[in-house]
Visitor: 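First the structure, then my questions, so here it is.
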Amino acid sequence: MGRFSFSKSDTTELPKAYDPQEVEARWYARWMERNYFRAEATSDKPSFCIVLPPPNVTGSLHLGHALTATIQDILIRWKRMNGFNALWVPGTDHAGIATQMVVERELKEKEKKSRHDLGREKFLERVWEWKNKYGNRIREQHKVLGASLDWSRERFTMDPGVSAAVREVFVRLYEEGLIYRAQKLINWCPSCHTALSDLEVEHEEKQGSLWHIQYPVKGSDRKLTVATTRPETMLGDTAVAIHPEDERYKGLAGQSVVLPLTGREIPIIADAELVDPAFGTGVVKVTPAHDFNDYQTGLRHHLPMLNVLDEAARVNAEGGAYAGLDRYAARKKILEDLTAQGLLEKEEPHKLSVGGCQRCATVVEPRLSPQWFVKIEPLARPAIEAVEQGRTKLIPESWTNTYFHWMRNIHDWTISRQLWWGHQIPAWYCADCSPRLEATGGIDYSRAEPNVSRTPPEKCSRCGGSRLEQDPDVLDTWFSSGLWPFSTLGWPEQTPELKTFYPNSVMETGHDILFFWVARMMMFGLHFMKDVPFRTVYLHAMVRDEKGEKMSKTKGNVIDPLDIVLGAPAEQLNKNLRNKFPQGMPPHGADALRFTLASLTQQGRDIKLSLDRVAGYKAFANKLWNASRFALMNLGDFTLDDRSIKERELTLADRWILSRLQRATVETRNALEAYNFGEAASTLYQFLWAEFCDWYIELAKSSLYGEDARARDNTRAVLVFCLDRILRLLHPFMPFITEEIWQKLPMSRPADSIMISPFPEPDASLEDAAAEAEMGPVIAAIEGLRNIRGESNLPPSARITAYVQSPDARTRELLERWRGYLMPLAGLGELRVTAPGPKPALSAAFVGPRMEVFVPLAGLIDVDAERERLRKEITRSEQEVGGIKRKLDNPNFVAKAPPDVVEKDRARVEELEARISKLRDNLNRLAPEAATREVIKAEAGTVEAEVVETEDDDEDVHEIGGVEAEEEQAPEKPERKGGIAKGAVKTQAAPKARATSAKAPVEKAAAAKKAPARKAAPAKKAPAKKAAPASKAPAKKAVPVKKAAPTSKAPVKKTPAKKAPGKKAAAKKAPAKAKVPARSPAKAKVKPAARKAPARKKPSASRVAKARR
RNA sequence: GGGCGGAUAGCUCAGCGGUAGAGCGUCGCCCUUACAAGGCGAGGGUCACAGGUUCAAUCCCUGUUCCGCCCACCA
């Protein structure tokens, strides 16, 4: 496509805060209009295809769906930007039981009717109406999330095309003998009145009882005691079993017992498989029609199978006196009767696992009935092999074993359901030649032979009769979804789509449907397409609430993803959320939700979604917005041309950020390639915030605001270049905000939307190790200075002077050259870079790599805090060096560890020791005794401040007191020693000379101003402001004008009064004080404890360390 | 009864042989002209417990204890 050049009108200034609502609504519509989601079967680009796991049509998206949509959209957008013909197929599932139940419930509530009252045809019309009414909701929700689905290919599992595929598969499997009909014991839901597959039964451990019941042996006085958890099934007993080797019951096999209550006579059989002599009494009642074990036993021994329950699990006519009773009522009655007859020996507590219906939780009843089955083993075998051979790969890999285990122990699949909503089974029974039921005269389906056919047959293949009735049952929902990877592409027609997009590239879904769905797709895909349905299966975790609990309506902890995105009034929220958001949930935007979900993605575990996290990523979006806003505000009429960025003459910061960008690009791509969405997200988060915003933008200001027009334009170019790349890297995660900003960048665009422009390629030539190395000292110096400032609680407005001494000419040259970075970022008023020499007296010091940085204390640094800081640094370094030395002292280590590791440690020791000695040195110079005797000579221009000999110059001390404001400290100053405040005092050695010196006044101003502004009095700092400036700091330009307050020192005087407002004097000081005394002891304690802390633990330092790496 | 995960900072989680990282929360200073949904600084961890392998273990092996999940026709 052509290039779309930037036009000025596009660059409206960005609003100050990002408003996702407005932006998101706008872009989705535009993408749709322009057909960007459409993938063509005829494209010559490599194809990449994902089919969306079809949600239930009548449902509504939950967070699990949002996770699915997010991950898949990331993959699709990423691939699309990488030049793939990326197809993402949307669709919905008819979800048999679930949907039918919903409609039935409504019918009952609104019209007090059952589906039988309506009849099949009418009822199905209702369901379709329902589907048409609610079926669009899913689509709209996906749009809100930004999912780039190809809506032109949307499918529904009961569409004519997909239905034809279902019939085709059924008929072919039947013809191949892989689908059969049989009367077998299956799982039956007495409430839904349908058969269920094994998977649809959920087992739960429950506390039940084991009842011991006596069965009189026929023709003797002996009684056999059986143990059972389900006494009601005794009505259907057709034998009693003992273990053949059991001495206790020797000789009984072959005799019979009289079944209590019914008087029926049943045989005693010996069966080693069923009976475990050690369990219970060693005698088992056998009920083949109501228990899977007994069923097998019944087959082995050719026992009669006596069904005593009806479809609702009530006792049927076979139950004699108990007929009509519900199974549990029957149990109760039976136990009572047994007790009355003295046959109930005892009842003991017993834990057992009970199977419940997945849909309605009703306890499932094994039931003998005619059903359709898929003979699964022949289909499972190739599906196992495909994974064994790696033709399909599961991610995380740990699922592979689970998959194998299940597939190797798989049972035939019960596919018929006694429902109305679904694919009616394409089998017809002949009314002329089928066997009839005696009772009703209807066709006896358990014995009838079906005519299986793709279309309704004209006549019966057996007798030629034409009165054919279709099998009333429908297929398991998963039968049709199992075909999804090819049925959506037009199969059984040989469409171009099928050719282009099968096998699909990735199947992305929750691990909870590995068996339900993924395994079935594998089997069907391999069988009918002769190839795996997809190359990769990515299984994501389950989304839980922030406490790790499953979200469910009954728990009331469900969070609707759309509420997170769009916000919601309080009354619409669940109770937890309502507590958290009494005013209603604020909108977070789809981008923030998506980024959150992507970040939380990690292998094989539950995802606990916390809204605080979402809020954090909303802030991230805002950060991106504002960084862009900053750029746009500072671009002037600049437009980035197509010339390579490297041809420009770049500053250190420019080169550095480009190098970092290159690394972030590689890392992001690698992470995505490996499906590490969380890592990709975190890489981008860190890069944008901690490197681009925290460092680059700040550094760039020096050239952006500078005089040099060329440098300014070059930095503008780098800004735009970086933003462009960042936005593209981020686009798959945050499609909306990235598009919105990208459209405003002044540059020529490769396409008119970011979503179809190329994903950033790594460009090794941008990597610039030299630039990263050069940034090292700059960053180190800035961080060291900030640390000093921070520990003394200096306000940002206070300018300080820094003396940097480095033995290394290169370092000195660098710092000198890039002083434009150091000064603003470290808040310097003045910077002197020299070779090592005399150190400024009474100064705070930072020992960095190949450099020492000094900040004269003159009036603003808290000496006590500074000492503390140094001690801390020393301790840390000592601890680290101690550990390493211990290692080096071990001859084995030196002998066996790789030489580079040893070398590294040696170097580290050297470095640390040098550092420690410098730190000690600096600490000593701050020793209270020393301090009293030092005088700062470093006045105004005298860079080379000298350590002044010990002259007792108390002036500073006095000054201190005199230094106004500063302090209310006075009162709390702990003891003084030799006139020097020893406690945490903002001391300042302020020789009178200082007054004339450059900085001093400034700091004073700052200090003064700060005092009043104490946060203690949150609201009004207004007055404070005024008061502040005053002091002797008249002219200093260093003082921002605005701050420089009016005139007189009068205000200053006032300052003392400050305690009144409750500023620090009152509020903060007090606590501080308390802290101080406590501090020492505590400190002592802390110190030892702190031993493990390595020197560079400060986050920023490590961040940068990383950055430098 | 099998199998699979997990146990790391107050919380949620990364890291997975060379003595620990993020986000949120906490504490301190700041409304500094991109952003207070913000900036700067700080504090916070015997990496569940016990053995073993190794020069070196949060990381590998074994066992234990707790959590969680899956599978299983345990009368």
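In what follows, chains are A, B, ... by sequence order, proteins preceding strands, each numbered from 1.
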Visitor: What nucleotide, of A37(B), C35(B), G41(B), holds the atom closest to the side chain of Glu791(A)?
Guide: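 The nucleotide sitting nearest to the side chain is G41(B).
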
Visitor: Over 60° means perpendicular and under 30° means parallel, so classify the ring planes of His511(A) and Trp399(A), tilted if in between.
Guide: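 If you compare the ring of Trp399(A) with that of His511(A), the planes turn out parallel.
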
Visitor: I want to verify a distance call: between G18(B), A36(B), G41(B), whose nearest atom is closest to the Asn787(A) side chain?
Guide: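 The listed nucleotide nearest to Asn787(A)'s side chain is G41(B).
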
Visitor: For a quick check of understanding: with a heavy-atom distance under 4.0 Å over all strands, which category does Lys904(A) fall into, base, sugar-phosphate or nothing?
Guide: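 Since no nucleic acid heavy atom lies under 4.0 Å of Lys904(A), the category is nothing.
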
Visitor: Determine whether a donor-acceptor pair (one donor, one acceptor, N or O, separation below 3.5 Å) exists between the side chain of Lys623(A) and the base of C35(B).
Guide: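 Pair found.
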
Visitor: Taking the side chain as everything from C-beta on, heavy atoms only, tell me whether Val354(A) gets closer than 4.5 Å to Glu204(A).
Guide: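 Val354(A) does not reach Glu204(A) side chain to side chain.
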
Visitor: Going by heavy atoms in the side chains, are Phe279(A) and Val284(A) under 4.5 Å from each other?
Guide: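 A side-chain contact is absent here, since even the closest heavy-atom pair is not under 4.5 Å.
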
Visitor: Where the side chain of Asp294(A) meets the backbone of Pro288(A), is there a donor-acceptor pair that is under 3.5 Å apart?
Guide: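 Not confirmed, Asp294(A) side chain does not pair with Pro288(A) backbone.
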
Visitor: Looking only at atom C1', what distance separates A14(B) and A72(B), rounded to whole Å?
Guide: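 Each nucleotide's C1' atom is 35 Å from the other's.
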
Visitor: So if I take residues 269-280 of chain A and measure heavy-atom distances to RNA chain B, which residues fall below 4.0 Å?
Guide: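 Heavy-atom contacts with RNA chain B come from Leu274(A), Asp276(A), Phe279(A).
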
Visitor: Need one value for Tyr705(A): base, sugar-phosphate or nothing, where a base atom within 4.0 Å counts as base even if backbone is also close, heavy atoms only.
Guide: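 Contact class for Tyr705(A): sugar-phosphate only.
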
Visitor: Applying a 3.5 Å limit to both distances, which nucleotide forms a Watson-Crick or G-U wobble pair with G63(B)?
Guide: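 Across any shown strand, G63(B) pairs with C49(B).
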
Visitor: Could you tell me how far G38(B) sits from C24(B) if I compare only their C1' atoms? Round to whole Å.
Guide: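 Their C1' atoms lie roughly 16 Å apart.
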
Visitor: For the residue pair Phe515(A) and Trp406(A), does the interplanar ring angle fall in the parallel (under 30°), tilted (30 to 60°) or perpendicular (over 60°) class?
Guide: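 Answer is parallel, since the angle falls under 30°.
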
Visitor: On the nucleotide U33(B), are OP1 or OP2 found under 4.0 Å from the side-chain N or O atoms that Lys701(A) carries?
Guide: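 No, because none of the side-chain N or O atoms of Lys701(A) sits under 4.0 Å from OP1 or OP2 of U33(B).
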
Visitor: Any donor-acceptor pair under 3.5 Å linking the side chain of Arg908(A) with the backbone of Ile884(A)?
Guide: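 Here the side-chain-to-backbone pair does not exist.
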
Visitor: Any base atoms under 4.0 Å from Ser682(A), or only sugar-phosphate, or nothing? Heavy atoms, all strands.
Guide: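 No contact.
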
Visitor: Name the pairing partner of G68(B), where a pair is Watson-Crick or G-U wobble with both distances under 3.5 Å, or state none.
Guide: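 Across all strands, the one nucleotide that pairs with G68(B) is C4(B).
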
Visitor: With a 4.5 Å limit on heavy-atom distance, are the side chains of Thr233(A) and Asp291(A) in contact?
Guide: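 No, every pair of side-chain atoms sits at 4.5 Å or beyond.
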
Visitor: At a cut-off of 3.5 Å, list every protein nitrogen or oxygen paired with a nitrogen or oxygen from nucleotides 9-11 of chain B, distance to 0.1 Å.
Guide:
none

Visitor: Tell me: CG of Asp612(A) to P of C24(B), nearest whole Å?
Guide: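 For the pair Asp612(A) CG and C24(B) P, the rounded distance is 10 Å.
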
Visitor: With a 4.0 Å limit, can you tell me whether Lys608(A) has a side-chain N or O closer than that to the phosphate oxygens OP1/OP2 of C13(B)?
Guide: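 Yes, within the criterion.
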
Visitor: Tell me whether the side-chain N/O atoms of Lys887(A) come closer than 4.0 Å to OP1 or OP2 in A56(B).
Guide: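 Answer no for this pair, as no side-chain N or O of Lys887(A) is under 4.0 Å from OP1 or OP2.
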
Visitor: Are Val240(A) and Ile269(A) packed together at the side-chain level, in the sense that at least one heavy-atom pair is separated by less than 4.5 angstrom?
Guide: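 No, every pair of side-chain atoms sits at 4.5 Å or beyond.
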
Visitor: For the side chain of Lys887(A) and the backbone of Val894(A), is there at least one donor-acceptor N/O pair under 3.5 Å apart?
Guide: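 Not confirmed, Lys887(A) side chain does not pair with Val894(A) backbone.
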
Visitor: Run the salt bridge (Lys or Arg N to Asp or Glu O under 4.0 Å) test on Glu873(A) and Arg876(A) for me, step by step, so that the C-alpha distance in whole Å, both residues' side-chain angles and the decisive distance to 0.1 Å come before the verdict.
Guide: CA-CA 5 Å; Glu873(A) 286 287 307; Arg876(A) 279 181 191 147; 3.5 Å; yes

Visitor: Using Watson-Crick or G-U wobble geometry with both distances under 3.5 Å, which nucleotide pairs with C55(B)?
Guide: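 Here C55(B) is engaged in a pair, and the nucleotide opposite it is G18(B).
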
Visitor: Quick one: do the Thr297(A) and Asp271(A) side chains pair a donor with an acceptor below 3.5 Å?
Guide: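 There is no such pair between these side chains.
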
Visitor: Which whole-number value in Å describes the distance from Leu888(A) CG to U19(B) P?
Guide: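 About 13 Å, once rounded to whole Å.
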
Visitor: Looking only at side-chain atoms of Ala627(A), point me to the closest of A37(B), G41(B), A34(B).
Guide: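 Looking only at side-chain atoms, Ala627(A) lies closest to A34(B).
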
Visitor: In whole angstroms, how far is the P atom of G25(B) from the CG atom of Leu611(A)?
Guide: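 Rounding to the nearest Å, CG of Leu611(A) and P of G25(B) are 14 Å apart.
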
Visitor: How far, in whole Å, is G2(B) from G15(B) if one measures between their C1' atoms?
Guide: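 Per the computed distance, 32 Å lies between those C1' atoms.
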
Visitor: Mind checking Ala895(A) for me? I need base, sugar-phosphate or nothing, with any heavy atom below 4.0 Å counting as a touch.
Guide: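 Answer is nothing: Ala895(A) stays at 4.0 Å or more from every strand.
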
Visitor: Can you tell me how far P in C49(B) sits from the matching atom in A9(B), rounded to whole Å?
Guide: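 Here C49(B) and A9(B) have their P atoms 11 Å from each other.
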
Visitor: Any idea which of G18(B), C24(B), A37(B) is nearest the Phe893(A) side chain?
Guide: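 That would be G18(B).
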
Visitor: For C31(B), which nucleotide in any strand shown is its Watson-Crick or wobble partner with both distances under 3.5 Å?
Guide: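 Here C31(B) is not engaged in any pair, so there is no nucleotide opposite it.
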
Visitor: Is it true that, when you exclude His350(A) itself, more than 12 heavy atoms of the residues, nucleotides or ligands shown sit nearer than 6.0 Å to its NE2?
Guide: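 Above 12, so yes.
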
Visitor: Return the nearest nucleotide to the side chain of Phe630(A); candidates are A42(B), A34(B), C55(B).
Guide: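 Looking only at heavy atoms from C-beta outward on Phe630(A), the closest nucleotide is A34(B).
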
Visitor: Checking the side chain of Arg367(A) only, and the main-chain atoms of Val364(A) only, is there a donor and an acceptor separated by less than 3.5 Å?
Guide: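 No.
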
Visitor: Considering only heavy atoms from C-beta outward, does the side chain of Ile737(A) approach that of Phe620(A) to under 4.5 Å?
Guide: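 They are not in side-chain contact.
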
Visitor: A34(B) phosphate, OP1 or OP2: any side-chain N/O from Trp689(A) under 4.0 angstrom?
Guide: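 Answer no for this pair, as no side-chain N or O of Trp689(A) is under 4.0 Å from OP1 or OP2.
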
Visitor: Taking atom C1' in both A42(B) and G25(B), what distance in whole Å separates the two?
Guide: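 Comparing C1' positions in A42(B) and G25(B) gives a spacing of 15 Å.
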
Visitor: Considering only the C1' atoms, how many Å lie between U8(B) and A57(B), rounded to the nearest integer?
Guide: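 One C1' to the other, the span is 14 Å.
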
Visitor: Would you say a side-chain N or O of Arg876(A) is under 4.0 Å from OP1 or OP2 of G43(B)?
Guide: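 It does, given that an N or O in the side chain of Arg876(A) lies less than 4.0 Å from OP1 or OP2 of G43(B).
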
Visitor: Roughly how many Å apart are U58(B) and G51(B), using the P atom of each and rounding to a whole number?
Guide: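 Per the computed distance, 14 Å lies between those P atoms.
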
Visitor: What is the per-nucleotide protein-contact pattern of nucleotides 66-73 of chain B, from the 5' end, where B denotes a base atom under 4.0 Å from a protein heavy atom, S denotes such proximity for sugar-phosphate atoms only, and - denotes neither?
Guide: -----S-B

Visitor: Do Glu679(A) and A22(B) share a donor-acceptor pair, side chain to base, under 3.5 Å?
Guide: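 There is none.
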
Visitor: Give me the distance, rounded to whole Å, that separates U32(B) from C40(B) when you measure between the C1' atoms they each carry.
Guide: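 Looking at atom C1' only, U32(B) and C40(B) are 10 Å apart.
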
